[in-house]
Amino acid sequence: MNEMIKNLLLRIVNSFMYAIGITTVVYIFIIFFTGGTPLLPEYAGRFDNDVKALLVQLILIGLMSAVLGGGSIIMELERLGLIVQSAIYFIISLCVWLFVGDFCWCITKYPQAFISIVVSYTVSYIICWTIQYSICKKNIADINKKLKELEEDNHGEGYSD
């Protein structure tokens with residue numbers, strides 16, 4: 001099996017399992033400390049009991065995480081370039097987030113709230129991307145500086161290429 005496909009499947013499975021595990025722990029704490037379930041009444045009303053509602057929400061959160069984790073494989077497709085990779089990942093993450101968010105939390109019920117969420121997500125993504133890009137660019141500059149220093153040191157000691 002191709003290495004990239006193995007990596008993709010590993011990311012999907014790991015992301016799903018981590019999301020399920022972490023969310024389950026959070027649910028347990030919420031239920032234990034508040035005595036209630038972490039469900040919106042409108043969402044919970046779609047099911048005949050809270051346990052089914054929690055399980056479906058848990059699975060959807062796991063699937064959302066699996067898509068986000070699997071989607072990160074796009075960042076390894078170097079021929080696309082960083083901007084295209086980032087744009088595709090943004091579209092994937094926004095779509096899956098909106099689907100799960102709408103099903104679980106009815107985010108499209110009010111247009112103003114929906115627009116606010118999309119704009120907030122977009123701005124947050126751009127800010128995080130810009131910060132990460134700046135850090136990466138600085139790290140590359142530092143590495144190049146160190147390589148140049150090493151090269152100058154080697155030439156100064158009589159070494160030749």
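For this chain, numbers begin at 1 and follow the sequence in order. What you see is a predicted model; the values in this text were computed from it and never measured.
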Handout entry: Gap between atom CD1 of Ile107 and atom CD1 of Ile115 - 0.5 Å precision
Key = 12.0 Å
Handout entry: Same apolar cluster: Phe16 and Val26, side chain cutoff 4.5 Å
Key = no
Exercise for the section: Could you go through the side chain to side chain contact (heavy atoms under 4.5 Å, CB included) check for Ile88 and Leu77 one step at a time? Expected result: CA-CA 11 Å; Ile88 291 170; Leu77 302 175; over 6 Å; no
Problem - Under the ring-ring contact (aromatic ring centres under 6.0 Å, His included) test, residues paired with Tyr125 that sit two or more places apart - result: Phe90
Handout entry: Linked, directly or transitively: Ile61 and Ile30 (ILVMFWY side chains, under 4.5 Å)
Key = no
Practice task
Search all heavy atoms of Leu98 against all heavy atoms of Phe114 and return the closest pair with its distance.
Solution key: CD2-CE1, 3.7 Å
Only pairs under 3.5 Å count here: list side-chain donor-acceptor contacts from residues 63-75, not counting sequence neighbours, and write none if there are none.
from: Ser65; atom 1: OG; to: Ser15; atom 2: O; distance (Å): 3.0
from: Ser72; atom 1: OG; to: Arg11; atom 2: NH1; distance (Å): 2.8
from: Ser72; atom 1: OG; to: Gly69; atom 2: O; distance (Å): 2.6

Fill in the blank from the handout: So CZ of Phe29 and OG1 of Thr34: to nearest 0.5 Å the spacing works out to 12.5 Å
Handout entry: Partners passing side chain to side chain contact (heavy atoms under 4.5 Å, CB included) against Ile28 (at least two apart in sequence or in another chain)
Key = Thr24
Completion exercise
Ala87 meets the side chain to side chain contact (heavy atoms under 4.5 Å, CB included) criterion, sequence neighbours left out, with none
Practice task
Can you establish whether the number of heavy atoms outside Glu78 located under 6.0 Å from its atom CD is more than 12?
Solution key: no
Handout entry: From CG (Leu8) to CD1 (Ile12), nearest 0.5 Å
Key = 4.0 Å
Exercise for the section: Calculate, to the nearest 0.5 Å, the distance between atoms CD1 and CD1 belonging to Ile59 and Ile20 respectively. Expected result: 6.5 Å
Problem - Interatomic spacing from NZ in Lys137 to OG1 in Thr130 - rounded to 0.5 Å - result: 11.5 Å
Completion exercise
Lys146 meets the side-chain hydrogen bond (donor to acceptor under 3.5 Å, both in side chains) criterion, sequence neighbours left out, with none
Practice task
For Thr108, enumerate each residue passing the side-chain hydrogen bond (donor to acceptor under 3.5 Å, both in side chains) test, keeping only those at least two apart in sequence or located in another chain.
Solution key: Asp102
Problem - With Lys138 via salt bridge (charged side-chain N to carboxylate O under 4.0 Å, His left out) - residues at least two apart - result: Asp142
Practice task
Using the salt bridge (charged side-chain N to carboxylate O under 4.0 Å, His left out) rule, collect all pairs that involve residues 126-136, keeping only residues at least two apart or in two chains.
Solution key: none
Handout entry: ILVMFWY cluster membership beyond Leu55 - transitive side-chain contacts under 4.5 angstrom
Key = Val51
Exercise for the section: Evaluate side chain to side chain contact (heavy atoms under 4.5 Å, CB included) for Thr23 paired with Gln57, printing each intermediate quantity in order. Expected result: CA-CA 10 Å; Thr23 305; Gln57 184 169 301; over 6 Å; no
Exercise for the section: Write out all pairs satisfying side chain to side chain donor-acceptor pair (under 3.5 Å) with one or both partners inside residues 80-97, taking only residues at least two apart or from two chains. Expected result: Ser86-Trp129, Ser93-Tyr121
Exercise for the section: Say whether Ile92 and Phe99 are linked into one hydrophobic cluster, either directly or through other cluster members, by side-chain heavy-atom distances under 4.5 angstrom. Expected result: yes
Problem - Partners passing side chain to side chain contact (heavy atoms under 4.5 Å, CB included) against Phe103 (at least two apart in sequence or in another chain) - result: Tyr43, Arg46, Phe47, Val56, Leu60
Fill in the blank from the handout: Rounded to the nearest 0.5 angstrom, the CD1-CD1 distance for Ile126 and Ile131 is 12.0 Å
Completion exercise
Besides Leu10, the hydrophobic cluster formed by Ile, Leu, Val, Met, Phe, Trp and Tyr side chains linked at under 4.5 Å, directly or via other members, contains none
Practice task
Decide whether Tyr27 and Tyr18 are clustered together by the hydrophobic rule: side chain heavy atoms of Ile, Leu, Val, Met, Phe, Trp, Tyr closer than 4.5 Å, transitively.
Solution key: no
